[in-house]
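Everything on this sheet refers to the single structure shown next.
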Amino acid sequence: MSEQEYLKDISEIKSLMNRSSRFISLSGLSGIFAGVYAIIGAAVAYFFLLPKGDFVVLHSWNFKMLLGLLLLVAVLSVVTAFLLTTRKAKQNKVPIWDTTTKRLLLNFIVPLLTGGIYILIKLNSQHYGLTASLMLIFYGLALVNASKYTIGNIKYLGYVEIVAGLICAALPGYGFWFWIFGFGVMHIIYGSIMCMQEKKQ
Amino acid sequence: MGIIDNINKVFDHRIRLGIMSILVVNEDADFNRLKELLDVTDGNLASHLKALEQAEYILVQKQFIGRKPNTRYSATTLGNNEFKKHINALEKLIKK
(Lines give C-alpha, C1' and ligand atoms only; values in the text may rest on other atoms or scores of the structure.)
Protein backbone atom coordinates (compact mmCIF):
# COMPACT_ATOMS: atom_id res chain seq x y z
CA MET A 1 0.00 0.00 0.00
CA SER A 2 1.21 3.50 -0.74
CA GLU A 3 1.52 6.29 1.78
CA GLN A 4 -1.59 7.98 0.38
CA GLU A 5 -3.66 4.87 1.02
CA TYR A 6 -2.44 4.60 4.59
CA LEU A 7 -3.40 8.22 5.15
CA LYS A 8 -6.87 7.55 3.76
CA ASP A 9 -7.15 4.54 6.09
CA ILE A 10 -6.28 6.60 9.12
CA SER A 11 -8.77 9.35 8.36
CA GLU A 12 -11.46 6.71 7.85
CA ILE A 13 -10.57 5.08 11.18
CA LYS A 14 -10.96 8.41 12.94
CA SER A 15 -14.29 9.12 11.31
CA LEU A 16 -15.62 5.64 12.19
CA MET A 17 -14.52 5.98 15.80
CA ASN A 18 -16.35 9.29 16.08
CA ARG A 19 -19.47 8.33 14.17
CA SER A 20 -19.92 5.08 16.08
CA SER A 21 -19.40 6.40 19.59
CA ARG A 22 -20.44 10.05 19.54
CA PHE A 23 -23.57 11.98 18.87
CA ILE A 24 -22.90 14.83 16.43
CA SER A 25 -26.11 16.68 15.89
CA LEU A 26 -26.94 18.61 19.08
CA SER A 27 -28.17 21.96 17.88
CA GLY A 28 -26.75 25.20 19.28
CA LEU A 29 -29.99 27.06 18.61
CA SER A 30 -31.82 24.86 21.11
CA GLY A 31 -29.38 26.06 23.79
CA ILE A 32 -30.29 29.68 23.05
CA PHE A 33 -34.00 28.87 23.22
CA ALA A 34 -33.58 27.03 26.55
CA GLY A 35 -31.79 30.07 27.97
CA VAL A 36 -34.50 32.46 26.77
CA TYR A 37 -37.28 30.26 28.25
CA ALA A 38 -35.42 30.14 31.57
CA ILE A 39 -35.04 33.93 31.71
CA ILE A 40 -38.69 34.56 30.76
CA GLY A 41 -39.77 32.00 33.37
CA ALA A 42 -37.57 33.63 36.01
CA ALA A 43 -38.92 37.10 35.14
CA VAL A 44 -42.52 35.88 35.48
CA ALA A 45 -41.65 34.32 38.82
CA TYR A 46 -39.84 37.46 40.01
CA PHE A 47 -42.63 39.91 39.19
CA PHE A 48 -45.73 37.84 39.89
CA LEU A 49 -44.98 34.91 42.16
CA LEU A 50 -42.23 35.78 44.62
CA PRO A 51 -43.49 37.78 47.59
CA LYS A 52 -41.29 40.82 48.23
CA GLY A 53 -38.95 40.45 51.17
CA ASP A 54 -40.77 37.36 52.32
CA PHE A 55 -40.08 33.63 52.09
CA VAL A 56 -42.06 31.35 49.82
CA VAL A 57 -44.22 29.05 51.87
CA LEU A 58 -44.53 25.43 50.84
CA HIS A 59 -48.07 24.31 49.94
CA SER A 60 -48.98 27.90 49.15
CA TRP A 61 -50.56 28.83 45.81
CA ASN A 62 -47.39 30.73 44.85
CA PHE A 63 -45.18 27.74 45.41
CA LYS A 64 -47.30 25.41 43.32
CA MET A 65 -47.34 27.94 40.49
CA LEU A 66 -43.56 28.22 40.80
CA LEU A 67 -43.14 24.47 40.41
CA GLY A 68 -45.57 24.51 37.46
CA LEU A 69 -43.56 27.29 35.82
CA LEU A 70 -40.33 25.36 36.33
CA LEU A 71 -41.86 22.29 34.73
CA LEU A 72 -43.14 24.36 31.79
CA VAL A 73 -39.64 25.81 31.18
CA ALA A 74 -38.13 22.31 31.30
CA VAL A 75 -40.72 20.77 28.96
CA LEU A 76 -40.48 23.65 26.44
CA SER A 77 -36.68 23.39 26.41
CA VAL A 78 -36.72 19.63 25.87
CA VAL A 79 -39.34 19.82 23.09
CA THR A 80 -37.43 22.62 21.30
CA ALA A 81 -34.14 20.73 21.61
CA PHE A 82 -35.77 17.59 20.26
CA LEU A 83 -37.35 19.33 17.25
CA LEU A 84 -34.24 21.31 16.30
CA THR A 85 -31.93 18.33 16.76
CA THR A 86 -34.15 16.07 14.63
CA ARG A 87 -34.17 18.70 11.92
CA LYS A 88 -30.40 19.04 12.00
CA ALA A 89 -29.94 15.27 11.93
CA LYS A 90 -32.15 15.08 8.85
CA GLN A 91 -30.15 17.82 7.11
CA ASN A 92 -26.92 15.96 7.84
CA LYS A 93 -28.57 12.65 6.90
CA VAL A 94 -27.53 10.90 10.10
CA PRO A 95 -29.90 8.60 12.00
CA ILE A 96 -31.31 10.26 15.12
CA TRP A 97 -32.24 7.17 17.08
CA ASP A 98 -29.31 4.76 17.25
CA THR A 99 -27.15 3.18 19.93
CA THR A 100 -25.17 6.39 20.45
CA THR A 101 -28.28 8.48 21.10
CA LYS A 102 -29.67 5.94 23.56
CA ARG A 103 -26.40 5.91 25.49
CA LEU A 104 -26.23 9.71 25.46
CA LEU A 105 -29.75 10.00 26.89
CA LEU A 106 -29.21 7.32 29.51
CA ASN A 107 -26.00 8.94 30.74
CA PHE A 108 -27.71 12.33 30.86
CA ILE A 109 -30.90 11.20 32.56
CA VAL A 110 -29.42 9.15 35.43
CA PRO A 111 -27.68 12.04 37.28
CA LEU A 112 -30.51 14.43 36.38
CA LEU A 113 -33.25 12.17 37.79
CA THR A 114 -31.17 11.48 40.90
CA GLY A 115 -30.90 15.22 41.47
CA GLY A 116 -34.56 15.85 40.71
CA ILE A 117 -35.78 13.24 43.16
CA TYR A 118 -33.30 14.41 45.80
CA ILE A 119 -34.55 18.00 45.45
CA LEU A 120 -38.18 16.84 45.77
CA ILE A 121 -37.33 14.91 48.94
CA LYS A 122 -35.58 17.96 50.40
CA LEU A 123 -38.50 20.20 49.46
CA ASN A 124 -40.85 17.81 51.20
CA SER A 125 -38.91 18.21 54.43
CA GLN A 126 -39.01 22.02 54.15
CA HIS A 127 -35.42 22.41 53.03
CA TYR A 128 -35.81 24.71 50.06
CA GLY A 129 -32.79 26.92 50.65
CA LEU A 130 -30.47 24.89 48.47
CA THR A 131 -32.82 24.09 45.60
CA ALA A 132 -31.15 26.37 43.01
CA SER A 133 -27.69 25.18 43.97
CA LEU A 134 -28.68 21.50 43.78
CA MET A 135 -30.38 21.99 40.42
CA LEU A 136 -27.25 23.59 39.00
CA ILE A 137 -24.90 20.96 40.42
CA PHE A 138 -26.88 17.94 39.26
CA TYR A 139 -27.56 19.47 35.85
CA GLY A 140 -23.84 20.16 35.50
CA LEU A 141 -22.98 16.58 36.46
CA ALA A 142 -25.50 15.28 33.93
CA LEU A 143 -23.89 17.38 31.19
CA VAL A 144 -20.36 16.27 32.06
CA ASN A 145 -21.50 12.65 32.15
CA ALA A 146 -23.26 12.86 28.79
CA SER A 147 -20.41 14.78 27.15
CA LYS A 148 -18.47 11.55 26.58
CA TYR A 149 -20.98 10.75 23.85
CA THR A 150 -21.14 14.13 22.13
CA ILE A 151 -18.79 16.02 19.89
CA GLY A 152 -18.46 19.61 21.01
CA ASN A 153 -17.75 21.44 24.20
CA ILE A 154 -20.75 20.52 26.31
CA LYS A 155 -18.53 19.39 29.19
CA TYR A 156 -17.31 22.96 29.70
CA LEU A 157 -20.91 24.09 30.10
CA GLY A 158 -21.24 21.29 32.67
CA TYR A 159 -18.16 22.48 34.59
CA VAL A 160 -19.48 26.05 34.67
CA GLU A 161 -22.86 24.85 36.00
CA ILE A 162 -21.20 22.78 38.72
CA VAL A 163 -18.96 25.67 39.86
CA ALA A 164 -21.94 28.06 39.78
CA GLY A 165 -23.92 25.57 41.89
CA LEU A 166 -21.14 25.27 44.45
CA ILE A 167 -20.66 29.04 44.76
CA CYS A 168 -24.43 29.36 45.02
CA ALA A 169 -24.44 26.91 47.93
CA ALA A 170 -21.86 29.08 49.70
CA LEU A 171 -23.90 32.26 49.24
CA PRO A 172 -27.37 31.65 50.66
CA GLY A 173 -30.07 34.05 49.51
CA TYR A 174 -28.77 34.54 45.98
CA GLY A 175 -30.09 31.24 44.60
CA PHE A 176 -32.54 32.96 42.29
CA TRP A 177 -29.81 34.97 40.58
CA PHE A 178 -27.47 32.00 40.26
CA TRP A 179 -30.33 30.06 38.70
CA ILE A 180 -30.78 32.80 36.08
CA PHE A 181 -27.04 32.84 35.44
CA GLY A 182 -26.72 29.06 35.11
CA PHE A 183 -29.88 28.18 33.20
CA GLY A 184 -30.48 31.45 31.37
CA VAL A 185 -27.27 33.34 30.62
CA MET A 186 -24.96 30.33 30.31
CA HIS A 187 -27.33 28.49 27.94
CA ILE A 188 -27.53 31.55 25.69
CA ILE A 189 -23.74 32.05 25.67
CA TYR A 190 -23.09 28.36 25.07
CA GLY A 191 -25.79 28.13 22.37
CA SER A 192 -24.39 31.17 20.55
CA ILE A 193 -20.86 29.72 20.55
CA MET A 194 -22.21 26.43 19.17
CA CYS A 195 -24.22 28.26 16.49
CA MET A 196 -21.15 30.17 15.33
CA GLN A 197 -19.16 26.94 15.12
CA GLU A 198 -21.96 25.27 13.15
CA LYS A 199 -22.00 28.14 10.64
CA LYS A 200 -18.25 27.90 10.13
CA GLN A 201 -18.47 24.25 9.08
CA MET B 1 14.08 -2.36 13.69
CA GLY B 2 12.47 -2.19 10.28
CA ILE B 3 9.64 0.25 9.71
CA ILE B 4 7.01 -2.38 8.90
CA ASP B 5 7.70 -4.60 11.92
CA ASN B 6 4.45 -3.89 13.69
CA ILE B 7 2.20 -3.72 10.65
CA ASN B 8 -0.30 -6.47 11.31
CA LYS B 9 -1.26 -8.72 8.38
CA VAL B 10 -4.68 -9.41 9.86
CA PHE B 11 -5.57 -5.72 9.70
CA ASP B 12 -4.34 -5.24 6.18
CA HIS B 13 -7.80 -4.63 4.83
CA ARG B 14 -9.91 -1.51 5.11
CA ILE B 15 -13.02 -3.28 6.40
CA ARG B 16 -11.19 -5.20 9.13
CA LEU B 17 -9.55 -1.98 10.21
CA GLY B 18 -12.99 -0.36 10.22
CA ILE B 19 -14.52 -3.13 12.36
CA MET B 20 -11.71 -2.82 14.88
CA SER B 21 -11.91 0.98 15.08
CA ILE B 22 -15.60 0.72 15.92
CA LEU B 23 -15.11 -2.02 18.50
CA VAL B 24 -12.24 -0.35 20.38
CA VAL B 25 -14.33 2.74 21.18
CA ASN B 26 -17.61 0.93 21.86
CA GLU B 27 -18.38 -1.75 24.41
CA ASP B 28 -19.95 -3.87 21.70
CA ALA B 29 -21.83 -3.60 18.40
CA ASP B 30 -24.21 -5.93 16.62
CA PHE B 31 -24.03 -7.10 13.02
CA ASN B 32 -26.53 -4.60 11.64
CA ARG B 33 -24.86 -1.66 13.34
CA LEU B 34 -21.49 -2.62 11.86
CA LYS B 35 -23.08 -3.10 8.45
CA GLU B 36 -24.73 0.30 8.62
CA LEU B 37 -21.57 2.12 9.74
CA LEU B 38 -19.24 0.41 7.28
CA ASP B 39 -21.69 0.31 4.37
CA VAL B 40 -20.77 -3.21 3.19
CA THR B 41 -22.70 -6.32 2.16
CA ASP B 42 -23.63 -9.11 4.58
CA GLY B 43 -21.29 -11.71 3.08
CA ASN B 44 -18.36 -9.33 2.90
CA LEU B 45 -18.74 -8.24 6.51
CA ALA B 46 -19.26 -11.81 7.75
CA SER B 47 -16.07 -13.07 6.13
CA HIS B 48 -13.98 -10.27 7.63
CA LEU B 49 -15.55 -10.82 11.04
CA LYS B 50 -14.69 -14.51 10.75
CA ALA B 51 -11.03 -13.65 10.09
CA LEU B 52 -10.88 -11.37 13.13
CA GLU B 53 -12.61 -14.01 15.24
CA GLN B 54 -10.11 -16.67 14.18
CA ALA B 55 -7.25 -14.38 15.19
CA GLU B 56 -9.03 -14.04 18.57
CA TYR B 57 -9.15 -10.26 18.20
CA ILE B 58 -12.91 -10.11 18.63
CA LEU B 59 -15.42 -11.97 20.76
CA VAL B 60 -18.69 -13.18 19.25
CA GLN B 61 -21.83 -13.59 21.32
CA LYS B 62 -24.97 -15.02 19.79
CA GLN B 63 -28.31 -14.46 21.46
CA PHE B 64 -31.98 -14.11 20.63
CA ILE B 65 -34.00 -10.92 20.85
CA GLY B 66 -37.55 -12.27 20.77
CA ARG B 67 -37.33 -14.74 17.91
CA LYS B 68 -34.66 -12.94 15.94
CA PRO B 69 -31.08 -14.09 16.29
CA ASN B 70 -28.76 -11.26 17.24
CA THR B 71 -24.98 -11.42 17.17
CA ARG B 72 -22.89 -9.00 19.17
CA TYR B 73 -19.20 -8.40 18.65
CA SER B 74 -16.69 -6.93 21.07
CA ALA B 75 -12.93 -6.44 20.96
CA THR B 76 -10.75 -8.71 23.10
CA THR B 77 -7.80 -7.39 25.11
CA LEU B 78 -5.50 -8.99 22.55
CA GLY B 79 -7.42 -7.31 19.72
CA ASN B 80 -7.24 -3.95 21.47
CA ASN B 81 -3.48 -4.19 21.97
CA GLU B 82 -2.79 -5.40 18.44
CA PHE B 83 -4.92 -2.61 17.01
CA LYS B 84 -3.00 0.02 18.98
CA LYS B 85 0.32 -1.44 17.85
CA HIS B 86 -0.86 -1.45 14.26
CA ILE B 87 -2.01 2.17 14.40
CA ASN B 88 1.26 3.28 15.97
CA ALA B 89 3.17 1.46 13.25
CA LEU B 90 1.07 3.15 10.56
CA GLU B 91 1.76 6.50 12.16
CA LYS B 92 5.50 5.87 12.16
CA LEU B 93 5.38 4.78 8.56
CA ILE B 94 3.67 7.98 7.50
CA LYS B 95 6.01 10.19 9.52
CA LYS B 96 9.10 8.68 7.82
Side-chain angles (χ1 to χ4, degrees), chain A residues 1-26 85-111 142-156 158 201, chain B residues 2-40 45 48-49 52 57-58 61 65 70-75 79-80 82-96:
Chain A
M1 268 206 271
S2 74
E3 207 166 284
Q4 280 301 315
E5 272 176 83
Y6 279 129
L7 267 175
K8 217 172 128 195
D9 272 4
I10 287 193
S11 71
E12 203 180 306
I13 290 168
K14 267 175 99 177
S15 141
L16 272 169
M17 283 175 158
N18 274 334
R19 260 192 301 149
S20 68
S21 65
R22 278 146 187 261
F23 184 67
I24 318 174
S25 12
L26 268 179
T85 302
T86 323
R87 198 188 63 171
K88 200 179 149 201
K90 260 186 206 145
Q91 278 170 1
N92 294 344
K93 296 203 178 72
V94 287
I96 176 102
W97 192 245
D98 63 2
T99 327
T100 325
T101 328
K102 280 181 213 160
R103 247 186 332 212
L104 170 75
L105 279 179
L106 188 74
N107 278 276
F108 182 65
I109 280 171
V110 169
L143 287 179
V144 173
N145 204 35
S147 70
K148 286 171 283 181
Y149 303 106
T150 59
I151 291 175
N153 308 314
I154 208 162
K155 61 172 173 289
Y156 299 112
Q201 281 164 9
Chain B
I3 50 165
I4 53 167
D5 274 359
N6 277 320
I7 294 284
N8 195 327
K9 262 286 186 210
V10 181
F11 294 136
D12 214 359
H13 192 286
R14 190 157 291 156
I15 293 169
R16 293 185 198 169
L17 214 49
I19 295 170
M20 282 313 285
S21 25
I22 294 167
L23 292 182
V24 291
V25 291
N26 288 280
E27 242 168 77
D28 54 24
D30 63 17
F31 192 86
N32 287 334
R33 175 104 175 115
L34 288 174
K35 205 176 105 178
E36 177 192 13
L37 283 163
L38 294 163
D39 200 18
V40 283
L45 179 57
H48 286 300
L49 282 167
L52 288 172
Y57 290 174
I58 60 173
Q61 278 174 301
I65 294 179
N70 174 278
T71 317
R72 306 198 71 87
Y73 302 89
S74 55
N80 256 320
E82 290 300 320
F83 181 74
K84 268 175 208 145
K85 262 194 244 165
H86 182 74
I87 296 295
N88 286 337
L90 280 187
E91 206 171 40
K92 250 187 220 154
L93 194 69
I94 287 163
K95 275 185 189 153
K96 281 277 163 183

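Letters A, B, ... are given to chains in the order of the sequence lines, protein chains preceding strands, and every chain is numbered from 1.
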Please report the closest heavy-atom contact between B/Ser21 and A/Ile13, naming both atoms and the distance.
CB-CG2, 3.5 Å
In this structure, CE of A/Met17 is separated from CG of B/Leu37 (nearest 0.5 Å) by 13.0 Å
Heavy-atom closest contact (A/Arg103 atom, B/Glu27 atom, distance):
NH1-N, 4.4 Å
Quick one: closest heavy-atom pair of A/Arg19 and B/Arg33, and the distance?
O-NH2, 4.1 Å
Who pairs with B/Arg72 by side chain to side chain contact (heavy atoms under 4.5 Å, CB included), at least two apart in sequence or on another chain?
B/Asp28, B/Asp30, B/Gln63, B/Asn70
Is the count of non-hydrogen atoms from other residues, nucleotides or ligands lying under 6.0 Å from A/Lys90 atom NZ greater than 12?
no
Does atom CD of B/Gln61 have more than 12 heavy-atom neighbours, drawn from other residues, nucleotides or ligands, at distances under 6.0 Å?
no
Where do A/Ser20 and B/Val25 come nearest, in terms of heavy atoms and distance?
OG-CG2, 3.7 Å
Measuring heavy-atom distances to chain B, does A/Ile10 have an atom under 4.5 Å in its side chain, in its backbone, in both, or in neither?
side chain
CG of B/Leu38 to CG of A/Leu16, rounded to nearest 0.5 Å, is 5.5 Å
Quick one: list whatever passes salt bridge (Lys or Arg N to Asp or Glu O under 4.0 Å) with B/Lys84, sequence neighbours left out.
none
